[in-house]
S.K.: 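Starting off with a structure, shown below.
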Amino acid sequence: MGDFNIFHHMPWSSTYSIYFFTIGISAALFFMSTLSWYREEFKTLRSSAFYLSFVLLAVSGLLLIGDLSKPARFLNIMNPAYLNFTSPLAWGGLNLLSFGAVSVAYFFMMRKNDEGLSRKLAVLGSLLALGLPIYTGFDLTVHQNRPVWNTPLMPILFVALSLVSGAAVASFLAGTNEKLLVMLRRFMLWSAGAVAAMLISLLGTTAYGGTGQELTFMFMTSGALGGIFIGVGILLGTAAPILLLLAPFGRQQGGVMLAALLLLVGGMALRYSILVGGQIVQTYF
Amino acid sequence: MSELRLSSIETRGVPGKRRYAMVIDLRRCIGCDGCMTACKAEFDVPVGVFRTWVPYKVVGIYPNVRKHFMPRLCNHCDDPPCVRACPVGATYKVEDGGFVLQHYDRCIGCKACMASCPYNARFMLPKSRTYTDITSVVDKCTFCHHRVTQGLAPACVVTCIGRARIFGDLNDPASEVARLVSTLPTQVLRPEEGTKPHVFYIGLDRNNSEFGRAVYNPLDVLEQDRQAFNKNHQG
């Protein structure tokens, strides 16, 4: 309708995009800690990456609970009599809890220097960590009425965004460890490349979709949201760091860190604009 | 209908089950907002949120202009996305009747059902209310389940001065809604979403019900209204 007497709000506010950002980094940092058991270069990251992952997991949990209008009822999601397994949120809640439990067990096994059990928990935790960006992507994908969200790309895009943001944070933890920085640079380059390829595809399918998709494309590529999505998310936060990492300066510590900073800013901007972009048109319906 | 049935939750055309539906004859709607008022009174619906609402669009070129009204409410879909989106089963579908209802005591307020509804039919209740202690959970139209189970018609149907709203069991071939749906051209909102909505419109123009380019470049006065609304009704 062109004229209105009732307006509608976006159901999911920007808090969700901060949650997507922190949980993605938490998952990727746990994966880096796991890699330390199998790749010598990552050994220095074992504890620091895990501790930061755990802190971010706690922050993410609080953000998620705080965003509920009935925060005390978050326990309902653990009630087997209530759980509805057709909802990705139910799977996500269980995934989050299992990841938290495995993280705690991993912490104690690392403290006990039990290498065998630590390795096993690290692998199990990494699989659960992989589930976190996948479920956040599915959270959006399943809404068939939302342009931009309703694409099979979304879970994979969130895995790539998780890896790129996690590697960026890890590069700050790496300090002057050159071998580790080389590996993290590769991580950032390949996952940012994957993000860029998926964004091109996403923009194409959105621009050539139905009315809702087309209008969403217009909202996301112009005005304030366009500035965040195209300007900060794609140009400054994805294309620029890729070019920087490919340049000779991008092989030095300063270059890697600058690229990491840009990737983090871009990762947040992309998550925010995709979350808001999928909801903006329907507020006018 | 059976060849179009995709999921076991659907009840339209299933023998022995009732499937309530509403037909809205837009040729009869005069935009009096009586339905909105009756609904507000029936359920103590708070200020700023609506279980049913009547948006309008001014069409034509001066002096030949008219207002097109399009009453809206929960479509009580046969395959409701809100039911599958709710992580705690707070939203459910009544098998006999097809009502989509809420367990208020289960709702955690994650707003997944609001995000999944293509019709914007769901809203968050405010933190405090004067007469009712159901707060900070998602709410929506119930097709007046409590009235229908006592043999009464929904409040908005009873109050409609133009008799634009007709309610009944679509699975009963003798009902007025079944006759209207089978004999007159009817439309539903956003059929492409596959939700199988059970609010049928007579005389609906999709040019008025679809997203238009006007939303991309809304009139300044609408933006001012929208900002004022958002300022007053946050959360």
Side-chain angles (χ1 to χ4, degrees), chain A residues 1-13 16 64-65 67-79 81-94 139-140 142-147 149 210-212 214-216 218-219 222-223 278-285, chain B residues 33 50 53-59 67-68 70 72 81 83-90 105-120 122-125 127 136-138 190 192-195 208-216 218-219 222 225-226 229-230 233-235:
Chain A
M1 301 294 275
D3 300 350
F4 308 87
N5 55 1
I6 304 295
F7 296 94
H8 300 282
H9 297 294
M10 291 182 198
W12 284 343
S13 63
Y16 260 55
L64 206 54
I65 293 169
D67 195 53
L68 300 176
S69 63
K70 289 279 187 190
R73 288 193 191 166
F74 82 95
L75 292 167
N76 282 5
I77 215 152
M78 287 175 253
N79 186 337
Y82 287 177
L83 273 180
N84 173 21
F85 286 110
T86 57
S87 166
L89 274 170
W91 289 99
L94 293 179
D139 255 1
L140 304 185
V142 293
H143 301 299
Q144 80 266 41
N145 57 316
R146 301 280 177 181
W149 293 6
T211 332
E214 194 187 331
L215 285 166
T216 300
M218 289 159 79
F219 273 114
S222 59
Q279 301 179 83
I280 201 162
V281 171
Q282 198 166 305
T283 62
Y284 290 93
F285 181 65
Chain B
D33 293 350
F50 300 86
W53 68 105
V54 187
Y56 65 90
K57 185 173 185 179
V58 178
V59 294
K67 269 185 176 180
H68 273 296
M70 191 175 74
R72 298 268 301 274
V83 170
R84 65 169 186 261
C86 179
V88 292
D105 54 332
R106 276 195 196 190
C107 178
I108 59 174
C110 66
K111 299 176 274 284
C113 56
M114 289 168 69
S116 70
C117 177
Y119 308 106
N120 282 335
R122 292 173 162 269
F123 54 86
M124 181 61 70
L125 287 168
K127 290 185 182 113
S136 297
V137 290
V138 175
R190 308 185 77 178
E192 69 279 6
E193 306 297 353
T195 55
N208 298 331
S209 67
E210 256 300 334
F211 298 120
R213 281 180 185 272
V215 305
Y216 180 66
L219 302 171
L222 288 181
D225 283 358
R226 186 187 178 87
F229 179 86
N230 284 339
H233 301 295
Q234 285 297 340

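Note that the coordinates shown come from a computational prediction; the quantities given were computed from them, not determined experimentally. Every chain is numbered from 1, with letters handed out A, B, ... down the list of sequences.
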S.K.: Which atom pair, heavy atoms only, marks the closest approach of A:Q282 to B:C117?
M.R.: NE2-O, 2.7 Å
S.K.: Below 4.5 Å, heavy-atom pairs only: which of B:V59, B:N120, B:V137, B:D105 has the largest tally toward chain A?
M.R.: B:N120
S.K.: Is there a donor-acceptor contact under 3.5 Å from the side chain of A:R146 to the main chain of B:A115?
M.R.: yes
S.K.: Atom CG of A:L89 and atom CD1 of B:I108: how far apart are they, to the nearest 0.5 Å?
M.R.: 7.0 Å
S.K.: Hey, is the main chain of B:V83 close enough, under 3.5 Å, to the side chain of A:N84 for a donor-acceptor pair?
M.R.: yes
S.K.: Write down the atom of A:N145, the atom of B:S116, and the distance for their closest heavy-atom approach.
M.R.: OD1-O, 3.5 Å
S.K.: Atom SG of B:C110 and atom CG of A:L64: how far apart are they, to the nearest 0.5 Å?
M.R.: 9.0 Å
S.K.: Quick one: what part of B:R190 sits under 4.5 Å from any heavy atom of chain A, side chain, backbone, both or neither?
M.R.: side chain
S.K.: Could you tell me which of B:G89, B:A112, B:P118 has the largest number of non-hydrogen atom pairs under 4.5 Å with chain A?
M.R.: B:P118
S.K.: Given a strict heavy-atom distance threshold of 4.5 Å, which part of A:A72 is in contact with chain B: side chain, backbone, both, or neither?
M.R.: neither
S.K.: Between B:K111 (side chain) and A:S69 (backbone), is there a donor-acceptor pair under 3.5 Å?
M.R.: no
S.K.: Find the one option among A:D139, A:N76, A:V142, A:L140 whose heavy-atom pairs under 4.5 Å with chain B are most numerous.
M.R.: A:N76
S.K.: How far apart are the closest heavy atoms of B:A85 and A:S87, and which atoms are they?
M.R.: O-OG, 2.7 Å
S.K.: With a 4.5 angstrom heavy-atom cut-off, which part of A:Y16 approaches chain B: side chain, backbone, both or neither?
M.R.: side chain
S.K.: Sub-3.5 Å donor-acceptor pair from the side chain of A:Q144 to the main-chain atoms of B:T195, do we have one?
M.R.: no
S.K.: Using the ring of each side chain (for Trp, its six-membered ring), is A:F285 parallel, tilted or perpendicular to B:Y119, with breaks at 30° and 60°?
M.R.: tilted
S.K.: Atom SG in B:C107, atom CG in A:L68: separation rounded to 0.5 Å?
M.R.: 9.0 Å
